[in-house]
Amino acid sequence: MENWNQVEVSILVWIQDNLRTELFDCIMPFISMLNNSGMISIFTVVVLLLWRRYRHVGVTAAFSLFTEFLLLNVWLKNMVHRTRPYVVDTDLILLGDRPGDFSFPSGHTGSAFAVAVAILLCMPRRYGVPAMVVATLIALSRLYNGAHYPTDVAGAMVVAVITGVMAWKLVFPRASRYFQKIGDKEKE
């Protein structure tokens, strides 16, 4: 595992040495900060829950986000206990706030993709594609900032895609029927 960590750290150091610019050094920490504690993901779910037309999508996204949170932040992070890359290699300079938890998997990435996948599967593409772009930018910012190893981000994406698809299959049809019945009763 130690050799693999070094391979991943070398990727992050390469990003630091070859891709970092003054402009992106300001933008990427800001992009990460948008989803601190899953805030942009939670905000998106709340907006969907309040938006009558897409309330069923809000319930679906909330299920995906909650399931992702339990799997990633409660279970996997505490089971794996992976040290952050900037601790392993002091040549790696962290941009942004110093995270207080373990590295694997990336909670920022997981929460962003959990909601984005639900939106992509349950809403028109004009909402789904931008949601996926934002989630991808958040994931890339975690690498750019040196806060996570590439496998932390990839692992979070895999789990979030699974929770999004699971929510789409299990929750979305039921929530759609439920809110359709409520809408039909309000029309009477």
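Sequential numbering from 1 along the given sequence is applied to the chain's residues. Since the model is a prediction, treat every value here as computed from it, not as a measurement.
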Counting only heavy atoms not in Trp75, do more than 12 fall under 6.0 Å of its CH2?
->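 Counting neighbours around CH2 of Trp75, 12 or fewer heavy atoms of other residues, nucleotides or ligands fall under 6.0 Å, so no.
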
Without placing hydrogens or testing angles, list every side-chain donor-acceptor pair under 3.5 Å for residues 102-113, not counting sequence neighbours.
unit_1: Ser103; atom_1: OG; unit_2: Asp152; atom_2: OD2; d: 2.3
unit_1: Ser106; atom_1: OG; unit_2: Thr109; atom_2: N; d: 3.1
unit_1: Ser106; atom_1: OG; unit_2: Thr109; atom_2: OG1; d: 2.9
unit_1: His108; atom_1: NE2; unit_2: Ser32; atom_2: O; d: 3.3
unit_1: His108; atom_1: NE2; unit_2: Asn36; atom_2: OD1; d: 2.8
unit_1: Ser111; atom_1: OG; unit_2: Asn35; atom_2: ND2; d: 2.8
unit_1: Ser111; atom_1: OG; unit_2: Gly107; atom_2: O; d: 3.1
unit_1: Ser111; atom_1: OG; unit_2: His108; atom_2: O; d: 3.3

Check the pair Phe43, Val46 against side chain to side chain contact (heavy atoms under 4.5 Å, CB included), reporting the backbone distance first and the verdict last.
-> CA-CA 5 Å; Phe43 177 78; Val46 169; 5.6 Å; no

Enumerate donor-acceptor pairs with a distance under 3.5 Å from any side-chain N or O in residues 53-60 to protein atoms, sequence neighbours excluded.
unit_1: Arg55; atom_1: NE; unit_2: Leu49; atom_2: O; d: 2.6
unit_1: Arg55; atom_1: NH2; unit_2: Leu50; atom_2: O; d: 3.4
unit_1: Thr60; atom_1: OG1; unit_2: His56; atom_2: O; d: 2.8

Other than Val158, which residues form its hydrophobic cluster under the rule that side-chain heavy atoms must be closer than 4.5 Å?
->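 The other cluster members (ILVMFWY side chains, heavy atoms under 4.5 Å, direct or chained) are Ile162.
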
Linking Ile, Leu, Val, Met, Phe, Trp and Tyr through side-chain heavy atoms less than 4.5 Å apart, which residues share a cluster with Val74?
->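 In the cluster with Val74 are Phe66, Phe69, Leu70.
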
Atom [atom1] in [X], atom [atom2] in [Y]: separation rounded to 0.5 Å?
{"X": "Ile31", "Y": "Arg142", "atom1": "CD1", "atom2": "CZ", "answer": "11.5 Å"}
{"X": "Ile138", "Y": "Met33", "atom1": "CD1", "atom2": "CE", "answer": "10.5 Å"}
{"X": "Phe24", "Y": "Leu140", "atom1": "CZ", "atom2": "CG", "answer": "10.5 Å"}
{"X": "Met28", "Y": "Leu23", "atom1": "CE", "atom2": "CG", "answer": "10.5 Å"}
{"X": "Phe172", "Y": "Arg177", "atom1": "CZ", "atom2": "CZ", "answer": "11.0 Å"}
{"X": "Ser64", "Y": "Leu170", "atom1": "OG", "atom2": "CG", "answer": "11.0 Å"}

What residues, two or more places apart in sequence or in another chain, satisfy salt bridge (Lys or Arg N to Asp or Glu O under 4.0 Å) together with Asp101?
->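 Counting only residues at least two positions away or on another chain, Asp101 forms a salt bridge (Lys or Arg N to Asp or Glu O under 4.0 Å) with Lys77, Arg84.
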
Does any pair with a residue in residues 107-120 pass salt bridge (Lys or Arg N to Asp or Glu O under 4.0 Å), and if so which ones, sequence neighbours excluded?
->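 As it turns out, there is no salt bridge (Lys or Arg N to Asp or Glu O under 4.0 Å) pair with a partner in residues 107-120 once direct neighbours are skipped.
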
Salt bridge (Lys or Arg N to Asp or Glu O under 4.0 Å) contacts touching residues 105-123 (sequence neighbours left out) =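 Not a single pair qualifies under salt bridge (Lys or Arg N to Asp or Glu O under 4.0 Å).
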
Can you name the closest pair of heavy atoms from Pro85 and Gly146 and give their distance?
->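 Heavy atoms only, the tightest pair is CG-O, 3.5 Å.
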
Closest approach of Leu34 to Met39 (non-hydrogen atoms, all atoms of both residues) =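 Nearest heavy atoms, Leu34 then Met39: O-CB, 4.0 Å.
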
Yes or no on side chain to side chain contact (heavy atoms under 4.5 Å, CB included) for Met166 and Phe63, after CA distance, side-chain angles and deciding distance?
-> CA-CA 9 Å; Met166 187 172 72; Phe63 178 86; 3.8 Å; yes

With sequence neighbours excluded, give me every side chain to side chain donor-acceptor pair (under 3.5 Å) pair touching residues 119-139.
->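 As it turns out, there is no side chain to side chain donor-acceptor pair (under 3.5 Å) pair with a partner in residues 119-139 once direct neighbours are skipped.
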
Set of residues satisfying side chain to side chain donor-acceptor pair (under 3.5 Å) with respect to [X], sequence neighbours excluded:
{"X": "Tyr144", "value": "Asp25"}
{"X": "Arg174", "value": "none"}
{"X": "Glu8", "value": "Trp4, Arg82, Thr151"}

Only one of Val134, Val45, Leu120 forms a side chain to side chain contact (heavy atoms under 4.5 Å, CB included) with Val115, so which one is it?
->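 Output: one option passes, namely Val45.
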
Dump the intermediate steps for side chain to side chain contact (heavy atoms under 4.5 Å, CB included) on Leu48 and Ile119, then the final yes or no.
-> CA-CA 10 Å; Leu48 290 169; Ile119 291 171; 4.0 Å; yes

If two hydrophobic side chains count as joined below 4.5 Å and joins carry through other members, does Val47 share a cluster with Leu65?
->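 No.
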
Under 3.5 Å donor-acceptor pairs involving side-chain atoms of residues 86-93, not counting sequence neighbours:
unit_1: Asp89; atom_1: OD1; unit_2: Asp91; atom_2: N; d: 2.8

